[in-house]
Amino acid sequence: MRLSAVLSALRPALPLLLGLSLGCSLSLLRASWSHTAAEERCLAPGRPAPPARGAPPEAAEERLGPGHEDFRPRIVPYYRDPNKPYKKVLRTRYIQTELGFHERLFVAVLTSKATLNTLAVAVNKTVAHYFPRLLYFTGLRSAKVPHGMVLVAHGDERPIWLMYETMNYIHQHFGSDYDWFYIMQDDTYAQAEQVKALVTHLSINQDVYLGRAEEFIGGDEQARYCHGGFGYLLSRSLLLKLHPHLDSCRNEILSVRPDEWLGRCIIDFLGITCVSQLQGQHYHTYELVKNTEPEKEEEEEFQAALAVHPVSDMTLMYRLHKQFSRIQLDRVYQEIQDLQMQIRNLTALTPAGEAGVTWPVGINAPFLPKSRFEVISWDYFTEQHLFSCPDGSPKCELSGASKADVSEIIESAVEQLNRLYQPLLRFSKRQLLNGYRRFDPTRGMEYTLDLLLEAATQKGHSHVLAKRVSLVRPLSKVEIIPMPYVTEATRVQLVLPLTVQDLDFVANFLDMFAMNTLDTHDNALLTLLFIYHPYDAQRVGQVDVFAGVKAMVGELEKRYAEVKIPWISVKTEVPSQVKLMDVVSKKHPVDTLFFLASVWTEINMEFLNRCRMNTISNWQVFFPVHFQEFNPALVYRGEQTASSNTDFLRDGHFDRHSFAEACFYNSDYMTARTKLAADILDREEVLESMEVFDVFLHYSGLHLFRAVEPGLVQKYTLRSCNPRLSEELYHRCVLSNLEGLASRSHLAMALFEQEQANST
């Protein structure tokens, strides 16, 4: 009975189960037949069959042949010799360095004694900043380098020798760093953006010799060399293959022109001829005739040219750059209009319809705040004043970049109105009634202007009217600024100035220094700078005010036998930061990385690494804005302090009035200090009103990087402001003390509690 009951229950599902079983069986049979047929079709005549399933991988490797090693993934096992002591592996900070990525393009410009200060300077001012790396090569000995140019002098003005030395230099110093090498003369104008776009469309796996192909005089009709006047492009693979034959080319090939010599060398030893077209990319050139007017050139050949030659003088170079910049700008505007038209057409097909089109078309919609704390405020301005000042004052004079920004935006508004309403109306500005601007991080700077305009008709009638216009200065293309390479292995030399008022805080500083640097074996040293008052300096034989600090230093040196903490003693009434730094600078090598600290600073490894990374020799100095904790008596009022790492940022503020901490290289300081000495001559009293920040700001020409540093925390203390300092430094010290008391809410609560206590 049970069996019949089960069969009766499964009877409706039997056809489904049989169909599934039959379908799976047929699918497996068909898959095996298809696999066998595909293997037979893909097997070319004369090629061995693939290894059977389960065969060792060596069989497959033998079939690929010796030319496929670079494309086969392989695992490199880690092996450490047990007989050698363990050494920490210092890995590169950037992944592209570890993977061996190359930079894209290197540019070499050949110049001479007659054109170094004329055409070479014009090249440097017009197109040099578009290329990631550009060097000038000349045969002069001890040539004076114009400002802003990197010059390599070979010491021989013979053209062939200059080309030979240049190719050797490029291979030796840059052959392993770049994929493409563009060589041009200083009488050539090259469209930098077009050249960079060209190399992005070419494969780096081929030997490329690309330029304007020219025939040799009396030579083979099939062989071509690239004309040097129009520039030419070499691939890295070609340069590596050519380098072993350069000496032979120099001894065996006779030529007057360096471009012919190089072309003959490449043809004879590598069998590669110059081409003007490769991989679907054309190298367009244009040859200038005498008395050419670049502004009147409208030929397609001129507008499409990557290189123009010959350029006879600097003025012509600048005119060419202006004309090609105008052509490029017109192309960009036309592309923008085409894209806006496509966006309008496509938006009509979206669910939102034409209402979904943002203004301006193609720019992100304005930021929509989700709460009142995210609302972006508008800044009010007129043509003379700004009512939202950086220093917090309610009104300040409109000057500098802000004044230029307002003037440009008003001119642009009137120009756009005339473009819309001409020829019926012609507008001219009378006055800016109201101006508003705000920075929207999602789209750019937004403006709203109330303009008083005079509108004139074609018949000569005029009328004054007020009109409100809205404008947007959108964010342009984001670029990564090239920066010199720095590492975290640099030794940091801490400099700690100490006065008598700082003695109560030295013990905590030394404890934090020992715990965060000495215990962790961080590459950091400490130098103490004892600042004696003249009265204390006379009594140092009887009573040394810094005797306790010296005893603490001795204890540290006993605890850490390999550590030495030197100190320097200075006698002065006014501890000028610049004068103190002069003393320290003379006692250290020029490549020393200084961290000028204060006694309230809590040193940690995280900040020291940022000090190393943000300070670049001959490029950038770092002035961190430390985090200053508030007075705990006002903030907590007897309650327990915040214990979590995320809460402490609410109990203080970043002290923007303090410039006491700084990271910089000794060489950069010495260079800036030399310029300062030449400026002030014998007026040493000027140094008392300056800080190290002022020295770098006015006399270095370096980048001054100033940013908030949450890893640099200082405990609250009421600092003594020396009244003998300059008025600005004294006022800044007082402001730092006042703003470091507590936040407005804490101060208000303290006043409220005090009034409550007084009333009772």
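Numbering of residues begins at 1 and proceeds along the displayed sequence. Predicted model, so just to flag it, every value in this text is computed and none were measured.
- The residues Arg419 and Glu415 are annotated as salt-bridged, a charged nitrogen and a carboxylate oxygen being separated by less than 4.0 angstrom.
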Is there a side-chain contact (heavy atoms from CB on, under 4.5 Å) between Val127 and Tyr189? Walk through the geometry before answering.
CA-CA 8 Å; Val127 300; Tyr189 177 81; 3.8 Å; yes
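- One distance of note links SG of Cys249 with CG of Leu254; it measures 11.5 Å at 0.5 Å rounding.
- We find the OG-NE2 distance between Ser276 and His282 to be 10.0 Å, quoted to the nearest 0.5 Å.
- The aromatic rings of Tyr169 and Phe137 stand perpendicular to each other, their planes meeting at an angle above 60°, with 30° marking the opposite boundary.
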Might you work through the side-chain contact (heavy atoms from CB on, under 4.5 Å) test for Leu202 and Leu233, ending with a clear yes or no?
CA-CA 11 Å; Leu202 295 176; Leu233 191 67; 3.8 Å; yes
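- A perpendicular orientation is assigned to the rings of Tyr178 and Phe174, their planes being inclined by more than 60° (bins at 30° and 60°).
- Ion pair Lys241/Asp207 flagged as a salt bridge, since at least one NZ, NE, NH1 or NH2 atom sits closer than 4.0 Å to an Asp/Glu carboxylate oxygen.
- Panel note: side chain Gln191, backbone Ala305; a donor-acceptor pair is recorded below 3.5 Å.
- Proximity of Met163 to Pro159: side-chain heavy atoms (C-beta onward) are nowhere separated by under 4.5 Å.
- Counting all heavy atoms, side chain and backbone alike, Ala707 lies closest to Phe622 at N-CE1, 4.4 Å.
- Separation of atoms CD (Glu103) and CZ (Arg236) is listed at 12.5 Å; rounding is to 0.5 Å.
- For the pair Glu287/Phe230, a side-chain contact is recorded, criterion being any heavy-atom separation below 4.5 Å from C-beta on.
- Remark: side-chain polar atoms of Thr166 are paired, donor with acceptor, to backbone N or O of Leu162 under 3.5 angstrom.
- Of all non-hydrogen atoms in Ile363 and Pro474, the two that sit nearest each other are CD1-CB, 3.8 Å.
- The two residues Gly211 and Cys274 make their nearest non-hydrogen contact at N-SG, 3.9 Å.
- Under a 3.5 Å cut-off, the side chain of Ser470 and the backbone N or O of Thr448 do not form any donor-acceptor pair.
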Decide side-chain contact (heavy atoms from CB on, under 4.5 Å) for Thr615 and Tyr665; before the verdict, give the C-alpha distance in whole Å, the side-chain angles of both, and the deciding distance to 0.1 Å.
CA-CA 8 Å; Thr615 310; Tyr665 279 91; 3.7 Å; yes
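- The main-chain N or O of Thr138 is never found under 3.5 Å from a side-chain atom of Thr111 such that the two would form a donor-acceptor pair.
- Taking each heavy atom of Pro146 and Asn117 in turn, the nearest pair found is CG-OD1, 3.5 Å.
- Annotation: side chain of Asp259 is in contact with side chain of His227 (closest heavy-atom distance under 4.5 Å).
- Heavy atoms of other residues, nucleotides or ligands lying less than 6.0 angstrom from CG of Leu349 number more than 12.
- Taking the side chain as every heavy atom from C-beta outward, Phe106 and Trp180 never approach each other to under 4.5 Å.
- Considering CD of Gln620 and CG of Leu704, their distance stands at 8.5 Å, rounded to 0.5 Å.
- The residues Glu293 and Arg319 are annotated as salt-bridged, a charged nitrogen and a carboxylate oxygen being separated by less than 4.0 angstrom.
- With values rounded to the nearest 0.5 angstrom, Asp179 atom CG is found 12.0 Å from Thr200 atom OG1.
- Not one N or O on the side chain of Asn124 forms a donor-acceptor pair closer than 3.5 Å with the backbone of Met149.
- A cation-pi contact links Arg250 to Tyr164, judged by a cut-off of 6.0 Å to the six-membered ring centre and 45° from its axis.
- In this structure, His703 and Val621 have side chains that are not in contact, with every pair of non-hydrogen atoms separated by 4.5 Å or more.
- Between the Thr350 side chain and the Thr347 main chain, a donor and an acceptor come within less than 3.5 Å of each other.
- Ion pair Glu214/Arg212 flagged as a salt bridge, since at least one NZ, NE, NH1 or NH2 atom sits closer than 4.0 Å to an Asp/Glu carboxylate oxygen.
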Under the criterion ring-ring contact (aromatic ring centres under 6.0 Å, His included), I'd like the reasoning laid out for Phe302 against Phe324: C-alpha separation, chi angles, the key distance, then a yes or no.
CA-CA 9 Å; Phe302 176 81; Phe324 278 109; 4.7 Å; yes
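- The closest donor-acceptor contact from the side chain of Ser700 to the backbone of Leu697 lies at 3.5 Å or more, if one exists at all.
- More than 12 non-hydrogen atoms from other residues, nucleotides or ligands lie less than 6.0 angstrom from CG of Leu329.
- Tyr209 places no side-chain N or O within 3.5 Å of a backbone atom of Val275 that could act as its donor or acceptor partner.
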Give the C-alpha distance, both sets of side-chain angles, the deciding distance and a yes or no for side chain to side chain donor-acceptor pair (under 3.5 Å) between Tyr333 and Asp338.
CA-CA 9 Å; Tyr333 283 146; Asp338 295 341; over 6 Å; no
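- Using a 4.5 Å heavy-atom cutoff, the side chains of Thr188 and Val308 are not in contact.
- In the model, Glu297 has no side-chain atom that pairs as donor or acceptor with a side-chain atom of Gln303 under 3.5 Å.
- Listed for the His154 side chain is no donor-acceptor partner under 3.5 Å among the backbone atoms of Asp156.
- The two residues Ile170 and Ala108 come nearest to each other via the heavy atoms CD1-CB, 3.9 Å.
- The CE atom of Met317 sits 5.5 Å away from atom CG of Leu119, with the distance rounded to the nearest 0.5 Å.
- Residues Arg437 and Glu446 are not paired through a salt bridge, judged by the lack of any N-O separation under 4.0 Å between the basic side chain and the carboxylate.
- Judged purely by atom type and a 3.5 angstrom limit, Thr292 has no side-chain atom pairing as donor or acceptor with the backbone of Pro294.
- Residues Phe664 and Phe696 place their aromatic rings such that the two centres sit under 6.0 Å apart.
- With Phe216 as the aromatic partner, Arg264 meets the cation-pi criteria of under 6.0 angstrom to the ring centre and within 45 degrees of the ring axis.
- Arg224 and Glu215 are joined by a salt bridge, as a carboxylate oxygen and a charged side-chain nitrogen come within less than 4.0 angstrom of each other.
- The local environment of CD in Glu374 is crowded, with over 12 non-hydrogen atoms from other residues, nucleotides or ligands closer than 6.0 Å.
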Using the rule given for side-chain contact (heavy atoms from CB on, under 4.5 Å), can you reason through Leu151 versus Leu140, listing the C-alpha separation, both sets of side-chain angles and the distance that settles it, and then say yes or no?
CA-CA 10 Å; Leu151 184 69; Leu140 295 175; over 6 Å; no
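- When all heavy atoms are compared, the tightest approach of Arg331 to Ala304 is NH2-N, 4.1 Å.
- Residues Arg133 and Asp177 are not paired through a salt bridge, judged by the lack of any N-O separation under 4.0 Å between the basic side chain and the carboxylate.
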For a ring-ring contact (aromatic ring centres under 6.0 Å, His included) check, start with the C-alpha distance between Phe427 and Tyr421, then their side-chain angles and the critical distance, and finish with the verdict.
CA-CA 9 Å; Phe427 292 97; Tyr421 292 99; 5.5 Å; yes
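- Residue Lys125 places its NZ atom among 12 or fewer non-hydrogen atoms of other residues, nucleotides or ligands, all under 6.0 Å distant.
- Residues Val311 and Asp186 are not in side-chain contact: their nearest non-hydrogen atoms beyond the backbone lie 4.5 Å or more apart.
- For the pair Ser667 and Ser617, the minimum side-chain heavy-atom distance is below 4.5 Å.
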